[in-house]
There are 2 protein chains.
Amino acid sequence: MQAGAMDVTGIWSAPGLMKTISPDVSRTASQTAGSQAPQATEKRGRKASKETRRQQLIEATIDSLARRGYSETTLADVADGARLSRGIVNFHFESKEKLLIATLQHMADEYSAHWRSSLERAGPEPSRQLKALVEADFDRAVCTKRKLAAWCAFWGEAKSRPTYQALCGARDESYQRVFVGLCRALGDEAGYDYDPHSTALGLSAMLEGLWLRLMMGTEQVTRETALRAALDYLASVFPKHYGREAATRS
Amino acid sequence: MQAGAMDVTGIWSAPGLMKTISPDVSRTASQTAGSQAPQATEKRGRKASKETRRQQLIEATIDSLARRGYSETTLADVADGARLSRGIVNFHFESKEKLLIATLQHMADEYSAHWRSSLERAGPEPSRQLKALVEADFDRAVCTKRKLAAWCAFWGEAKSRPTYQALCGARDESYQRVFVGLCRALGDEAGYDYDPHSTALGLSAMLEGLWLRLMMGTEQVTRETALRAALDYLASVFPKHYGREAATRS
DNA sequence: CCATATTGAATGAATGTTCAACAAATACCC
DNA sequence: GGGTATTTGTTGAACATTCATTCAATATGG
């Protein structure tokens, strides 16, 4: 189905990178706030399944990262946040480092599943797909202050840790490839004279930069402002596809 | 002099934010590598002036941040890097935190002085000024892997520390104001129909995002690639000011 | 000699990890 | 089905390590 559009993005044929996509992305929304409410289908209390406990601890880790930053995130704080005892993390995860890696993996999987699903829902038209990708980045499901702060905490440590570095390419190679493919497709349609690679790099960099701005919280940059800036970019680069009035919704 | 251009940027009339601009920006280039070579004009060995020792320790701190990340940067490592003994930091700076703040302050001052000087040299024409600002961001003087890594280390901790957050606005409010002013000026000249604030936000976010990419080092993004992407952006948004061929130098 | 920069060992606090004891759930047996 | 054993999740205290900070002793330049 939608073979033409799929060829443009060209990622569905090689689903290599993602190791463990969380089966239900929808859950994360309900777990955003509390971090200890178990599933309706899961037994609560003592008999929470191993996987549930892990999720619970991961959520508490994201909380701690967002609240105290990477360098001050301690296992005691994570355990307290999850309302569990001190030694629990070393039981479910082997070490603090493994917990952090699992947390990053979790966020990367969630992010990846999110934009892929957005892309799928966008239909076959490249211009719609590109817009959908941009909008997905500022969706409440992935673009929370809490999560942005956690991302940034990992970014800060990524350069000196290969493991983080690999995972921090949430906007990874396949994501980049999709962008390049879409930019090229739009260029072919309307005869723009830019380099797709350069344009795609600029766009994805802008998205990341806007995330950074949102996270910092300084200046009054909101999700709406950021999205608007990104859509304005689309309108400037692809004037025949995105009218300025389409971007400016107000 | 150049009154018209100055009015566009509108920052020279209110030099409020910068507390201590390092007097000589040129020095930083020579100190990039070694981190212990003292000035020719300064005495070396035991009698290095208080200020020189501080600079030396700050450079060693940047080294450590770049090499080991924020969370693993220790005073011992800084002291070793500066070829000095353990207790020295607490003598010249009062605490580890004060050392880190001084380091960030140093980088912020350097960055600020750098783009301000670029802006000054660009002459009165807004289009040249904007291009100069973009190019300044990828100049070897400020855009080293070492320094980018240090910046990112601070970004990661900024959300939970107000002091860092304030300083991490290296691209601070006045920088943003200059961008907005220039975007507005170009728009008035050629009748573009974008919102200056939105365009300026997108541009500065892209620059930050490109820095992030450069720092990560993943993918083969170089200073040239990044600059090219940024200039392509200018060519797309301000087609009457920047021809595509001007951006594509190759 | 005096003031001051520097050293390096001592100290104490913070924190990741281990582990023996405990509790809950499940399996097993009669 | 009820009682017992076993497995497994959980706890919290003990332990070891790392690291910022302190400070008395020392070296240096004026």
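Below, chain A is the first sequence line, B the second, and so on; all start at residue 1.
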Can you tell me the distance, in whole Å, between the [atom1] atom of [X] and the [atom2] atom of [N]?
X	N	atom1	atom2	result
A:Ile88	C:dA23	CD1	C1'	13 Å
B:Glu51	C:dT4	CD	P	18 Å
A:Glu72	C:dG16	CD	P	11 Å
A:Leu75	D:dT17	CG	P	18 Å
A:Arg86	C:dC22	CZ	P	21 Å
B:Arg54	C:dT4	CZ	P	17 Å
B:Arg83	C:dT7	CZ	C1'	17 Å

Notebook entry, point to check: Can you check whether A:Met107's main-chain N or O pairs, donor with acceptor, with A:Trp151's side chain at less than 3.5 Å?
Noted result: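 No; judged by distance alone, with no hydrogens or angles, the pair does not exist.
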Notebook entry, point to check: Would a distance-only check, ignoring hydrogens and angles, find a side-chain to backbone donor-acceptor pair under 3.5 Å from A:Ser64 to A:Ala60?
Noted result: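 No, the answer is negative, given that no donor and acceptor are paired below the 3.5 Å cut-off.
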Margin query: When you compare the side chain of B:Met216 with that of A:Glu208, does any pair of heavy atoms fall below 4.5 Å?
Written below: no
Next item on the list: Tell me which residues in residues 90-101 of chain A put a heavy atom below 4.0 Å from DNA chain C, sorted by number, or none.
Entry: A:Asn90, A:Ser95, A:Lys96
Note to self: Around atom NE2 of B:His92, are there more than 12 heavy atoms from other residues, nucleotides or ligands closer than 6.0 Å?
What the structure shows: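 Result for NE2/B:His92: enclosed.
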Next item on the list: Consider only side-chain N and O atoms of B:Ser204 and A:Arg213, and report whether a donor and an acceptor are under 3.5 Å apart.
Entry: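 On atom types as modelled, these side chains qualify, holding a pair under 3.5 Å.
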Margin query: Between B:Ser95 and B:Glu97, do the side chains contain a donor N or O and an acceptor N or O under 3.5 Å apart?
Written below: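 No, B:Ser95 and B:Glu97 have no side-chain donor paired with an acceptor closer than 3.5 Å.
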Check: Closest to the A:Lys50 side chain: D:dG9, D:dG12, D:dA20?
Finding: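 Selected nucleotide (nearest to the side chain): D:dG9.
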